[in-house]
Amino acid sequence: MKPAPFIRHVPRTLDEALKVLAEVAPQDGRVLAGGQSLVPIMAFRLAKPAHLVDINEVAGLDKIASDGKVLSIGACVRHAAFHKPVVDNPLGKLLTFVARHIAHYPIRMRGTFCGSLAHADPASEWCLVAATLDATMVAKSTRGERLLAAKDFFAGIMSTALAEDELLAEVRLSLLARDAKFGFNEFNRRSGDFALAAALVTYRLHGGKIIEARVGGRVADTSPRRIAQAEAALKGKAPGDAVFRAVAEAAANAVDPLEDHQTSASYRRDLVRAVVRRSMEHSTS
Ligand SMILES: Cc1cc2nc3c(=O)[nH]c(=O)nc-3n(C[C@H](O)[C@H](O)[C@H](O)COP(=O)(O)OP(=O)(O)OC[C@H]3O[C@@H](n4cnc5c(N)ncnc54)[C@H](O)[C@@H]3O)c2cc1C
């Protein structure tokens, strides 16, 4: 099928983009970034926006910058930008490791980091990263700028706290400590498919014991989130098989998986247990 008719606006500056978005948002105007989620939905006529605000020509939105504490990722930064570390920090390696799990190469060349967050598919790897690392979202509109914490940004399946006239202009991630370790694991039936379950773990060691543990999961219920019960089970422990299994069990018990015709809740719970354990077993610095 072909999309329903629409008008494409191509602003060149951020101010222009925000102005156009403010005008067309009430008529189901949408931002077009990489188009890797929006265009297929339009082709199936599941969305029929009358206006698209194409942000690909807006100067400055393709920037990645680090001030030594925070990594800022602009709205037009593609998934492929992370194929190599973008910053000399464990965060750079983490993003590179995760990026290669997203879809396929052509999709990674077009799809954007911020677009994934704005789309808020619960299976998105970047949403998991943002939730686990407590990213800050910079939302802009003609009304001004809002900073949103990841825990307040994700509002459910494909739903965020962004207002219809707001552009997710930038996402900020704090750099990790130099000695931080991370592990990521996901399960999908075919390589490149959206994952059925995924987990991201970061921590540091102090005197051989785990400190500053973060355990995030695409925990098969709604949005990716940190799993407090799993983090508590890691805190103060020495890394090892028994601890990793206990943490995985805590994560599996903390989730309330959705069921569908292909996948039962107990199977999804098993997947959560497996990806959390594997993410810790494979954690590296
Ligand atoms: C076959 C296939 C497999 C895929 N597999 C995966 C996968 O394994 N993992 C994964 O994470 N993704 C996957 N994707 C999705 C892909 O990563 C998309 O790139 C991503 O979800 C959306 O980014 P985009 O830039 O393409 O956004 P678009 O498609 O342009 O937009 C998506 C939505 O977000 C809104 N939006 C986009 N940018 C902004 C912004 N800056 N501010 C406000 N609103 C905005 C749009 O209005 C739209 O509603 C897959 C896609 C395909 C087609």
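Reckoned from all heavy atoms, side chains included, excluding hydrogens, waters and symmetry mates. Order of listing sets the numbers, starting from 1, for every ligand and every atom in it.
Sequence neighbours left out, the pairs with a member in residues 227-237 that pass side-chain hydrogen bond (donor to acceptor under 3.5 Å, both in side chains) are Arg226-Glu231. Pairs engaging residues 63-75 under the salt bridge (charged side-chain N to carboxylate O under 4.0 Å, His left out) rule: none recorded [sequence neighbours left out].
Not counting sequence neighbours, Asp152 has no partner by the side chain to side chain donor-acceptor pair (under 3.5 Å) test.
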Show me a pair-per-line table, with atom names and distances to 0.1 Å, of protein N or O atoms that are under 3.5 Å from an N or O of ligand 1.
residue  : atom   : partner : partner atom : Å
ligand 1 : 8 (O)  : Ala103  : N            : 3.1
ligand 1 : 9 (N)  : Glu125  : OE1          : 2.7
ligand 1 : 11 (O) : Glu125  : OE1          : 3.1
ligand 1 : 17 (O) : His79   : NE2          : 2.9
ligand 1 : 19 (O) : His79   : NE2          : 3.1
ligand 1 : 21 (O) : Ser37   : OG           : 2.7
ligand 1 : 25 (O) : Gly34   : N            : 2.8
ligand 1 : 25 (O) : Thr112  : N            : 2.9
ligand 1 : 25 (O) : Thr112  : OG1          : 2.6
ligand 1 : 26 (O) : Gly35   : N            : 3.2
ligand 1 : 26 (O) : Gln36   : N            : 2.8
ligand 1 : 29 (O) : Gly35   : N            : 3.4
ligand 1 : 29 (O) : Gln36   : N            : 3.2
ligand 1 : 29 (O) : Ser37   : N            : 2.9
ligand 1 : 29 (O) : Leu38   : N            : 2.7
ligand 1 : 30 (O) : Ala33   : N            : 2.9
ligand 1 : 30 (O) : Gly34   : N            : 3.3
ligand 1 : 30 (O) : Gly35   : N            : 2.8
ligand 1 : 41 (N) : Leu168  : O            : 2.9
ligand 1 : 42 (N) : Leu168  : N            : 2.8
ligand 1 : 47 (O) : Val31   : N            : 3.4
ligand 1 : 47 (O) : Val31   : O            : 2.6

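Each of Glu249, Arg268, Arg245 was compared with Arg273 under the side chain to side chain contact (heavy atoms under 4.5 Å, CB included) criterion, and only Glu249 meets it.
Comment: Arg277 engages Glu281 in a salt bridge, judged by a side-chain N to carboxylate O separation of less than 4.0 angstrom.
Note that Arg100 lies in the cation-pi zone of Phe97, set by a 6.0 Å cut-off to the ring centre and a 45° limit from the axis.
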